[in-house]
Amino acid sequence: LSLKFGDIGNLKGLVIRLLLTTSYYQLSVQNWFSLHRLQLLYNHSVQATFNATRIYAPASYSYHCEHVSSLQRYDALLIPSSANDLSKLWEVTFTDFQIQGFNIQEGHFAYAKDCASFFSPAILMGLVMSLILLLVLAYALHMLIHLKSLDRHYEYKASPAYFAQMKDNDMGDEKEPLRSSGNDSYELRNQQFCKIYI
């Protein structure tokens, strides 16, 4: 695939050549295409050659990436082919890059396979934050369970005020003097249980 700039000033003789290959993978049971190499030609002579890495998609899809570049800050998907080549003198960056080499229908890109990896920094940070929140939630549940057990423990220990109130209210109800001729006797108000004679 060759991209020619036409009659645009100094770029008239510049051509960007993309070498695409297709392969069949038995594991996925379909054909995949990959960008194998990128060449920069000026006036029909090769100026720089870059090997492409991780630029591939199923043959029925297109490939999309926010940045395809030879710079490290953009993850360097384009690597100079050799140390002695003039490629190191060039910096190539494609912004909003999308390519499809095969099975093009009606001149439109097919569904795009994006270059974002499953373990990008944003996804890893989200996983770490989720783990931290999960630990905080587990600690909070543990503390709630612990507080409930303390409540059960202290239910059996009553304060002096509680007993004092019970004494004041219940002493009169607990016993009632019975008037008799010789002996003092007391009878519980709740006569279902027993009678006490003193």
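Here the structure is a predicted model, which means the values were calculated and not measured. Atom set for the values below is all heavy atoms of this structure, side chains included, hydrogens, waters and symmetry mates excluded.
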Starting at CG of N31, measure out to CZ of F102 and round the result to the nearest 0.5 Å.
9.0 Å
Got a second to check how far S69's OG is from E91's CD, nearest 0.5 Å?
7.5 Å
Out of curiosity, does V46 fall in the hydrophobic cluster containing L18 (side-chain heavy atoms, cut-off under 4.5 Å, transitive links)?
no
Once rounded to the nearest 0.5 Å, what's the spacing between atom CH2 of W32 and atom OH of Y61?
9.0 Å
Is there a continuous path of hydrophobic side-chain contacts, each under 4.5 Å between heavy atoms, that joins V92 to L89?
yes
Would you please name every residue forming a salt bridge (Lys or Arg N to Asp or Glu O under 4.0 Å) with R54, sequence neighbours left out?
D75
dist C65:SG -> D114:CG (nearest 0.5 Å) comes out at 6.5 Å
With a 4.5 Å limit on heavy-atom distance, are the side chains of L35 and L77 in contact?
no
Y42 atom OH: more than 12 heavy-atom contacts under 6.0 Å
yes
What verdict does the side-chain contact (heavy atoms from CB on, under 4.5 Å) test give for I16 and F94, after you've listed the backbone C-alpha separation in whole Å, the side-chain angles of each residue and the deciding distance to 0.1 Å?
CA-CA 11 Å; I16 298 175; F94 295 98; 4.1 Å; yes
Can you give me the closest heavy-atom contact between F109 and S62, atom names plus distance?
CD2-CB, 3.9 Å
Which value, rounded to the nearest 0.5 Å, describes the distance between D96 atom CG and H67 atom NE2?
9.0 Å
Do you reckon L131 sits in the same ILVMFWY cluster as Y139, going by side-chain contacts under 4.5 Å, direct or chained?
no
Tell me whether L134 shares a hydrophobic cluster with M129, the cluster being built from Ile, Leu, Val, Met, Phe, Trp, Tyr side chains joined at under 4.5 Å.
no
Distance-minimising heavy-atom pair for V68 and Y63:
CG2-CE2, 4.5 Å
Run the ring pair (Phe, Tyr, Trp, His ring centres under 6.0 Å) test against H36 and tell me which residues pass, sequence neighbours left out.
none
Audit row: Y56, K113, side-chain contact (heavy atoms from CB on, under 4.5 Å) steps and yes/no
CA-CA 8 Å; Y56 52 84; K113 175 190 176 293; 4.2 Å; yes
Taking everything shown except Y25 itself, do over 12 heavy atoms lie less than 6.0 Å from its OH?
no
Atom pair CG/OG of L40 and S87 - distance to nearest 0.5 Å
7.5 Å
Grab the two heavy atoms, one from H64 and one from A112, that are nearest each other, plus how far apart they are.
CB-CB, 3.8 Å
If you compare all heavy atoms of Q98 against all heavy atoms of A110, which two are closest, and at what distance to 0.1 Å?
NE2-O, 4.1 Å
After noting the C-alpha distance and the side-chain angles of L41 and Q39, does the key distance pass the side-chain contact (heavy atoms from CB on, under 4.5 Å) rule?
CA-CA 6 Å; L41 291 86; Q39 291 179 334; 3.9 Å; yes
According to a hydrophobic-cluster definition based on side-chain heavy atoms being under 4.5 Å apart (Ile, Leu, Val, Met, Phe, Trp, Tyr only), do L20 and F50 belong together?
yes
Please name the pair of heavy atoms, one in Q100 and one in S60, separated by the smallest distance, quoted to 0.1 Å.
NE2-O, 4.3 Å
Using every non-hydrogen atom in the two residues, find where N51 and S81 come nearest and quote the distance to one decimal.
ND2-CA, 3.7 Å
